[in-house]
Amino acid sequence: MHSVYIHIPFCNNICSYCAFTKFYYNEERVKKYLDALKNEIETNYKGEVIKTLYIGGGTPSCLNISELKYLFDIIKIFNLDEIYEFTIEVNPENIDKEKILLFKKNKVNRISMGVETTNNNFLKYLGRKYDYNLVKEKIKLIKYIGFKNINVDLIYALPNETFNDLEKDINKLLELDVSHISTYSLMIEPHTRFYIDKEKEIEEDIDWEMYKLICSKLKENGYKHYEVSNFSKIGYESCHNLVYWNNEHYYGFGLGASGYIENIRYTNTTSMKQYLEHNYKEELEYLSNKDIISYELILGFRKIEGINKQDFYNKYNIDIKSLYNIKELLENGNLKENSSHIFINYDKIYIENQILMNFVGEENEKV
Amino acid sequence: MKQENIRNFSIIAHIDHGKSTIADRILEVTNAISKREAKDQILDNMDIERERGITIKLNTVRLSYKYKDEDYMLNLIDTPGHVDFSYEVSRSLAASDGAILIVDATQGIEAQTIANMYLAIDNNLKVIPVINKIDLPSADINKVKQELFDTFGFLDSEIILTSAKTGEGIKELVEAIIERIPAPIGDENKPLKSLIFDSLYDSYRGILTLTRVVDGKLAVGDKIKFMQTNSSYDVTEIFVYNPNFMKIDSLKAGEVGYVVASIKTISDVKVGDTITLEKNPCSEAISGYKPASQVVFTGLYPTETNKYNDLRDALEKLKLNDASLTFEPETSEALGFGFRCGFLGLLHMDVVEERLEREFNLDLIATSPSVIYQVLLTDGTNIEIDSPVKLPEATKIKTISEPYILTNIFTPSEYIGSLMELCQNKRGIYKSIEYITPERAIIHYELPFSEIVYDFFDKLKSISKGYASFDYELIGYKPSNLVKMDILVNGVAVDAMSTIVHKDFAYSRGKVVVESLKEVIPRQMFVVPIQAAIGSKIIARSDIKAMRKDVLAKCYGGDISRKKKLLEKQKAGKKRMKKIGNVEIPQEAFLTVLKGEE
């Protein structure tokens, strides 16, 4: 079974921190883009059963009703599994009852809302054009229409943010009572407003303290920490994201999207011009068996529960502990294990790159 | 060519006063090169020389000029322009009969103007004073004329005004060379006596020995003897450079040229040595020979241990062209296998390190430079060490002596106060101040040589806004209260970071070093203490906090390849660091130790 990611690179408004491929919404451009997207899917999709579908952006919800209808028509190409997860990303300021109903009608069963913060001053600072009341109102509406699986994003470690600010933020998010919360500390990346304005990321020690605060508050309130930045109520883990962490196959369609089909990881062009001319793929990475195992490890260890030893053996016919310096990492306490899984020591989750680095490059190059 | 029509001359100047550009213009005027061919500074071979605007290796050119219906042969002997090479300068001058002293019209006399002038006087040269860069708006010709009179007694009528840029005054200068510089006075019929003043390696011709024939005649096929090393060779070829290599049959008394003989290694060619014929040798060698002496030592290590052989090959290649570079294998617990290299001075060290990195594409770690210490042991034996690591344990040492230098700091008088403070902070002993003019002075201090190997020159330049210049001579050893300061990273002593310091300065220096190491060593997965210690006593400590965050949170749109690439990049960065104990130390950290001062 496969999964599908579809990228909608349009926004009504560009946020100060966003480094993703995006364009201002423009009707003519959206039309051309959806035509190209349709062509890309028709050309490349081979008819596999699809178990998760994810429409991300940009801001998919900035499309108008007729454009969304066209998008859902395109999606009808896919052969959806009976049990499936279908997520769409939305922003509070551009969804309404009509769009939410359209989502429901088209089998969307999970909505991910970019809330980012509940603090109106910080919302302004991030370049978001709404206030927290609107978030509350839209979440209520989404639930009212019958969506049970809702994610909200939280950005923390903003310049000048205090622990008190963060705690208030978390409390307000908890009041929304959604099934899934993703958290990210603010990164100042090139090609963003913040980068141009020379904003600086918060000090590393504070960032870590904030992360600890989030983990403990969310856990206290019944959320399970299942991946570095993801928390959910039991049974509401994101199936689509788990496809990534479980090193499974997925199509990526749309500008700048990435996919993993057969033994190729590919990334699409970020040039709109190229894309509209049907030149989709830009980078191809052909994977050897060794590469596939390397991915299995660097992805699998992102999950808090880690990698299932038996599943690993079944998949690759090799004992996970015989690979790289996993034994040594177990001995020095960077990795831990129980009867079924090997996982990163929970205290080291926030510095996991130091451990994951061992699993790229040459096997005998320990770092 | 009649001996009366030969002129052998050098150009001497402070750095940047226009020596090489004047040389280029002289080449143009004598038609050795056309204007179109004239790349700037054709005599400076290496990129580094061109970039730094300094001359390191000599090039000697034979030029011809017609003056008053007579043909003249002019041999321009280019000299290196830096204090490190003063012995080489002195030998080049010994090969000349006259010198052109260039002074920048905007700068006036500086430290090396004086140092070079004294070398010229020592060699009994006829000196032609030249004020250059007269085209510049900031030129102050009268002031410089006054300085030339006050300092050396040159009269207005002797001074030639030039602009290497416009060419003004160059023809007059060339004619002054013919009129004022004496012809050589050697005797062609005496046994061969010829001065070696440089050597170089040319990939087509092998080892070239530059020589000035004083008496007698040197011809292809001769069996020659080097008098200092007492070794014999067959002359296979003789060249002059004009400025292309041109083969000739022989060199006669008064002439200058490049000799190719059956010489295997360049270190057999000692600058200052005398060449004679084996069959009919001259009775005594030319005086003034000194073996090259290395005064600064540093350990050079490849960042990647598997590049050791590449480093050795590179050093061997450099050595072909640089007889004064020494190196021997050295092992460091922290850095693995490398070489202990000896240099004539700080610039020489900088240039070699830069060439290794640039021309041979090597990533190097250089340990703190060291001078040679004389150590008197309690059992009465004397040893010399060129590395802190070689210092015996404190209980076995009776005294340690270190080399001292006498400085000539040439400066506008307004900076005297701050420069004296600098010298004082470097354990200097005040000697005297000489005023050249009311606005300019020379400060003489005695300083431990080890104090200037760090950052003295940079400090001097920044204090004086670039106006002060500096020159030194080694004056001998004095006992000092010196101790070895070790640096411990996570409890492990890093041998390559050890330094020898004066006891009174150890605490402050230790503190600065640990604080600056804290800034350059990245956080690790655990807390890392950085300590400075003398023996078993910790004198300074600073802790590097544990790493708190190293995670790629976002993975939007399943862009997993990018995540892997970032991990690979991060890993490659880590591999470039040196692992000491379980701590990764970046290259800059080793540099920090040597620059580690406020």
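Each chain gets a letter, A, B and so on, in the order the sequences are listed, and its residues count up from 1. Note that this is a predicted model, so its numbers are computed, not measured.
Between A:Tyr350 and B:Arg548, the closest heavy-atom pair is CD2-O, 3.3 Å. When every heavy atom of B:Asp550 is checked against every heavy atom of A:Met357, the shortest pair comes out as OD2-CE, 4.4 Å.
Using a 4.5 Å cut-off between heavy atoms, A:Glu203 touches chain B through its side chain atoms alone. Looking at A:Ile349, only its backbone comes within 4.5 Å of chain B, counting heavy atoms on both sides. For chain A, the nearby part of B:Lys565 is the side chain; its heavy atoms alone come within less than 4.5 Å. Contact annotation for A:Tyr260: neither backbone nor side-chain heavy atoms come within less than 4.5 Å of a heavy atom of chain B. If you measure heavy-atom distances from A:Glu209 to chain B, you find no contacts under 4.5 Å at all. For A:Ser182, no part lies near chain B; criterion is any non-hydrogen pair under 4.5 Å.
Remark: B:Lys549 engages A:Asp207 in a salt bridge (Lys or Arg N to Asp or Glu O under 4.0 Å) (not counting sequence neighbours). Applying the side-chain hydrogen bond (donor to acceptor under 3.5 Å, both in side chains) criterion to A:Glu227, with sequence neighbours excluded, gives A:Asn230, A:Arg302.
With respect to A:Asn353, the side chain to side chain contact (heavy atoms under 4.5 Å, CB included) criterion is satisfied by exactly one of B:Lys563, B:Met547, B:Lys571: B:Lys563.
Heavy atoms from other residues, nucleotides or ligands lying under 6.0 Å from OH of B:Tyr507 number 12 at most. Remark: B:Lys319 NZ is packed, more than 12 non-hydrogen atoms of other residues, nucleotides or ligands lying under 6.0 Å away. Within a 6.0 Å sphere centred on OH of B:Tyr308, other residues, nucleotides and ligands contribute more than 12 heavy atoms. Within a 6.0 Å radius of NZ in B:Lys390, other residues, nucleotides and ligands contribute more than 12 heavy atoms. No more than 12 heavy atoms of other residues, nucleotides or ligands shown are found within 6.0 angstrom of OH on A:Tyr195. Around the CG atom of B:Asn306, the shell of radius 6.0 Å holds more than 12 heavy atoms that belong to other residues, nucleotides or ligands.
Interatomic distance, B:Ser561 OG to A:Asp291 CG, rounded to the nearest 0.5 Å: 10.0 Å. A:Asn247 contributes atom CG, which lies 8.5 Å from atom CD1 of B:Ile560 (distance to the nearest 0.5 angstrom). With rounding to the nearest 0.5 angstrom, the CG atom of B:Leu566 is 10.0 Å from the CD1 atom of A:Ile298.
Residues of residues 519-544 of chain B lying within less than 4.5 angstrom of chain A, judged on heavy atoms, are B:Arg523, B:Met525 in numerical order.
Residue pairs meeting the side chain to side chain donor-acceptor pair (under 3.5 Å) criterion with at least one partner in residues 332-342 of chain B, sequence neighbours excluded, are B:Glu330-B:Arg340, B:Ser332-B:Asp495.
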(message) Is there a side chain to side chain contact (heavy atoms under 4.5 Å, CB included) between A:Val360 and B:Lys569? Walk through the geometry before answering.
(response) CA-CA 10 Å; A:Val360 296; B:Lys569 206 173 144 193; over 6 Å; no
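Contact check on B:Lys564 versus A:Glu285 returns a salt bridge, with a Lys/Arg side-chain nitrogen under 4.0 Å from an Asp/Glu carboxylate oxygen.
Inter-residue side-chain proximity for B:Arg562 and A:Thr267 is flagged as unmet; no heavy-atom pair is nearer than 4.5 Å.
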